[in-house]
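Inspection log for the structure reproduced underneath, given as structure tokens.
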Amino acid sequence: MTQKQMVTEKDMFLQTFERECQITTKILRAFPANKADFKPAEKSRTAKELAWTFVGEQGLADMAFKGKIDFSQPGPKPPATFAEVIATFEKTYRETAAKVSKANEEALNRMVQFPIGPGKMGDFRVQDVLWTIVMDQVHHRGQLSVYLRLVGAKVPSIYGPTADETWM
């Protein structure tokens, strides 16, 4: 394989990130806006708060690029409507993708402190923080897909058919 044909980690990340963000957007759009305050248990977040996590993750990516991840201040509160949450996610994930696209190898391999446990920080490459954000998005999207079922909405295909969206 020649140098021109090699797929870089950055290329793989961007492909994965775009695909996963599109799936997340599909789940967000399937959620009934009038059920945004639904929460399945007392300790659970509302659907809108859970959806807002996807936006918060993009802020985490931005902090990693800036070289310091700071959890000492609370993040912004979700907007008034579920539609605004979706619009903000779409805007911020595209901004993250643009930052990654423009970043060179040095920026992606720079080390930043990232939480590794209660009260503990460890060294992560910026690229590893970005991968963690994708995995966290998939995790929270899974939670939101359960919320869909619990509010009686249809669950769209994520990686394959669902009871509501069959493929055959």
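- Residue pairs satisfying the ring-ring contact (aromatic ring centres under 6.0 Å, His included) criterion with at least one member in residues 112-133, sequence neighbours excluded, are listed as follows: Phe13-Trp131, Phe114-Phe124.
- With sequence neighbours left out, Thr81 forms a side-chain hydrogen bond (donor to acceptor under 3.5 Å, both in side chains) with Glu84.
- Rounding to the nearest 0.5 angstrom, the gap separating the CD1 atom in Ile133 from the CG atom in Leu60 is 4.0 Å.
- The salt bridge (Lys or Arg N to Asp or Glu O under 4.0 Å) contacts involving residues 96-114 comprise Asp62-Lys99, where partners must be two or more places apart or lie in separate chains.
- In this structure, the side chain of Thr24 does not engage the main chain of Cys21 through any donor-acceptor pair within 3.5 Å.
- Sequence neighbours left out, the pairs with a member in residues 155-164 that pass salt bridge (Lys or Arg N to Asp or Glu O under 4.0 Å) are Arg149-Asp164.
- Here the OG1 atom belonging to Thr92 is positioned 6.5 Å from the CD atom belonging to Glu95, to the nearest 0.5 angstrom.
- Using a 4.5 Å heavy-atom cutoff, the side chains of Ile27 and Pro156 are in contact.
- Between Ala163 and Thr166, the shortest heavy-atom distance links the atoms O-CG2, 4.3 Å.
- The salt bridge (Lys or Arg N to Asp or Glu O under 4.0 Å) search around Arg45 returns none, not counting sequence neighbours.
- No path of Ile, Leu, Val, Met, Phe, Trp and Tyr side chains, each step under 4.5 Å between heavy atoms, connects Ile69 with Met111, placing them in separate hydrophobic clusters.
- For Ala153, the side chain to side chain contact (heavy atoms under 4.5 Å, CB included) test picks out Pro32, Leu148, Val151, with sequence neighbours left out.
- The distance from atom CD of Glu165 to atom CD1 of Ile158, rounded to the nearest 0.5 Å, is 9.5 Å.
- Residue pairs meeting the ring-ring contact (aromatic ring centres under 6.0 Å, His included) criterion with at least one partner in residues 134-154, sequence neighbours excluded, are Phe38-Tyr147.
- Of all heavy-atom pairs spanning Ser157 and Gly160, the tightest one is OG-O, 2.8 Å.
- The backbone N or O of Thr96 lies less than 3.5 Å from no partner atom in the side chain of Gln58, so there is not a single donor-acceptor pair.
- In this structure, Asp136 has no salt bridge (Lys or Arg N to Asp or Glu O under 4.0 Å) partners at least two apart in sequence or on a different chain.
- Following chains of ILVMFWY side-chain contacts shorter than 4.5 Å, one cannot reach Val112 starting from Met121, and the two form parts of different hydrophobic clusters.
- Residues in residues 22-42 take part in these salt bridge (Lys or Arg N to Asp or Glu O under 4.0 Å) pairs, two or more places apart or across chains: Arg29-Glu90.
- Residues forming a salt bridge (Lys or Arg N to Asp or Glu O under 4.0 Å) with Lys154 (at least two apart in sequence, or on another chain): none.
- In this structure, OG1 on Thr16 lies 12.0 Å from CG on Leu130, to the nearest 0.5 angstrom.
- Hydrophobic clustering (ILVMFWY, side-chain heavy atoms < 4.5 Å, transitive): Tyr159 and Met135 are in one cluster.
- Note on residues 45-79: pairs passing ring-ring contact (aromatic ring centres under 6.0 Å, His included), not counting sequence neighbours, are Phe54-Phe89.
- Among pairs with a residue in residues 9-18, those fulfilling salt bridge (Lys or Arg N to Asp or Glu O under 4.0 Å) read Glu9-Arg125, at least two apart in sequence or across chains.
- Nearest heavy atoms, Leu14 versus Ala97: CD2-O, 3.7 Å.
- How far CD of Gln113 is from NZ of Lys68: 8.5 Å, rounded to the nearest 0.5 Å.
- The two residues Ala64 and Val129 make their nearest non-hydrogen contact at CB-CG1, 3.8 Å.
- The structure places CD1 of Ile23 at 9.0 Å from CD of Gln137, a figure rounded to the nearest 0.5 Å.
- The shortest heavy-atom contact between Phe82 and Ala47 is CE1-O, 3.9 Å.
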List the steps, then state whether side chain to side chain contact (heavy atoms under 4.5 Å, CB included) holds for Val100 with Phe17.
-> CA-CA 10 Å; Val100 175; Phe17 184 68; over 6 Å; no

